[in-house]
Amino acid sequence: MKLLLKVNSERARKRYVGFTANTANTAATTATATTKRISQNKTSANTSFYQKLSTSSKLLILLIIVVIIVAGVVLYTEIQLSNKKEKPSRIVFGNTYELGTFPNLGNGHLVVDREQWGASELSKTLTIPLKHPIPYVIITHIGVQSIPCLTVYKCSIKMRTIQDSAIAEKNLPDIQSNFYVGDDGNIYVGRGWDYANTYANDTLAVTFMGDYGRYEPSEKQLEAAQYLLSHAVANKFVDVQYKLVAQNQTKVTKSPGANVYRYIKKWPHFYPCGIGDNPRCGVELDMPDVWNGTM
């Protein structure tokens, strides 16, 4: 009896083990099949998406790619051309100013260059060079009842008017003087350091913007002119022993106006040529008796 029970028990155990193994194999097989189906579904989906994309959007994507490439080429070309263009030369008075701002002579006296005051494109290329260091500085004014300008905006308009008159009415290639001094205390670039003015070669012409037979120059205007001349000497544009003269010492004229003349004849470099028994201005350089050039 015990032997019979033992045999039955052994048979039952084997049937259980076999059943468990079969169950495990079945589960594994099912899982593998499921994985394959999922993979096949994904592959099918990807293939379907690719087919759909290639048929409905291929031309659009290609067009977008072409546009991006063309835009990139155009942008690159523009950048290269911009870098190669000659930028207008600026007259720089030192490094006491930030990039993109007006150069500063000191004490708030700014330098407004030709581009900033809006110089006309009708001006012609100047050809007579101004050799450095310059031996003479001549002071003039606008005259003809010209009202002094008090802001950068109004002084810039006046500069354009002066230049237009020089080109259209006087048949000059450009504005007359090298530099102009506004009643706002700023310096406006005319012909600059490198080209002769219309009054005489070998001179730096500095013009007060107004009629100073009628009006008084402001303190900041007078100071701005002195700062300009100090800078010119320090940077060897003007001779350290330069001679400062008023236009009325070189020809019959009221320029630079009695109210400016009264001040500049007290400045250190004032030279009394053409006054009384003094020799005429520029005689030592064989300059003409009358400074009345039309350069």
>> Heavy-atom count check: over 12 atoms from other residues, nucleotides or ligands less than 6.0 Å from Ile275 CD1?
In response: yes
Taking all non-hydrogen atoms of both residues into account, name the closest pair between [X] and [Y] and its distance.
X: His231; Y: Trp193; result: CD2-CZ2, 4.0 Å
X: Asn201; Y: Ala196; result: OD1-CB, 3.5 Å
X: Tyr261; Y: Asn248; result: CE1-OD1, 3.9 Å

Flag side-chain contact, heavy atom, 4.5 Å: [X] against [Y]:
X: Phe208; Y: Pro148; answer: no
X: Phe179; Y: Leu228; answer: yes
X: Asn178; Y: Leu130; answer: yes
X: Arg114; Y: Ser123; answer: yes

>> Given the ring of Tyr136, does Lys243 sit roughly above its face, with NZ or CZ under 6.0 Å from the centre of the six-membered ring and within 45° of the axis?
In response: yes
Going by distance alone, is a donor N or O of one side chain under 3.5 Å from an acceptor N or O of the other, for [X] and [Y]?
X: Thr207; Y: Thr140; answer: yes
X: Lys158; Y: Ser146; answer: yes
X: Gln221; Y: Tyr212; answer: yes
X: Gln176; Y: Asn197; answer: no

> Which of parallel (below 30°), tilted (30 to 60°) and perpendicular (above 60°) describes His269 and Tyr242?
Replying inline: parallel
>> Side-chain heavy atoms nearer than 4.5 Å, only ILVMFWY residues, links allowed to pass through others: does that put Leu150 and Val112 together?
In response: no
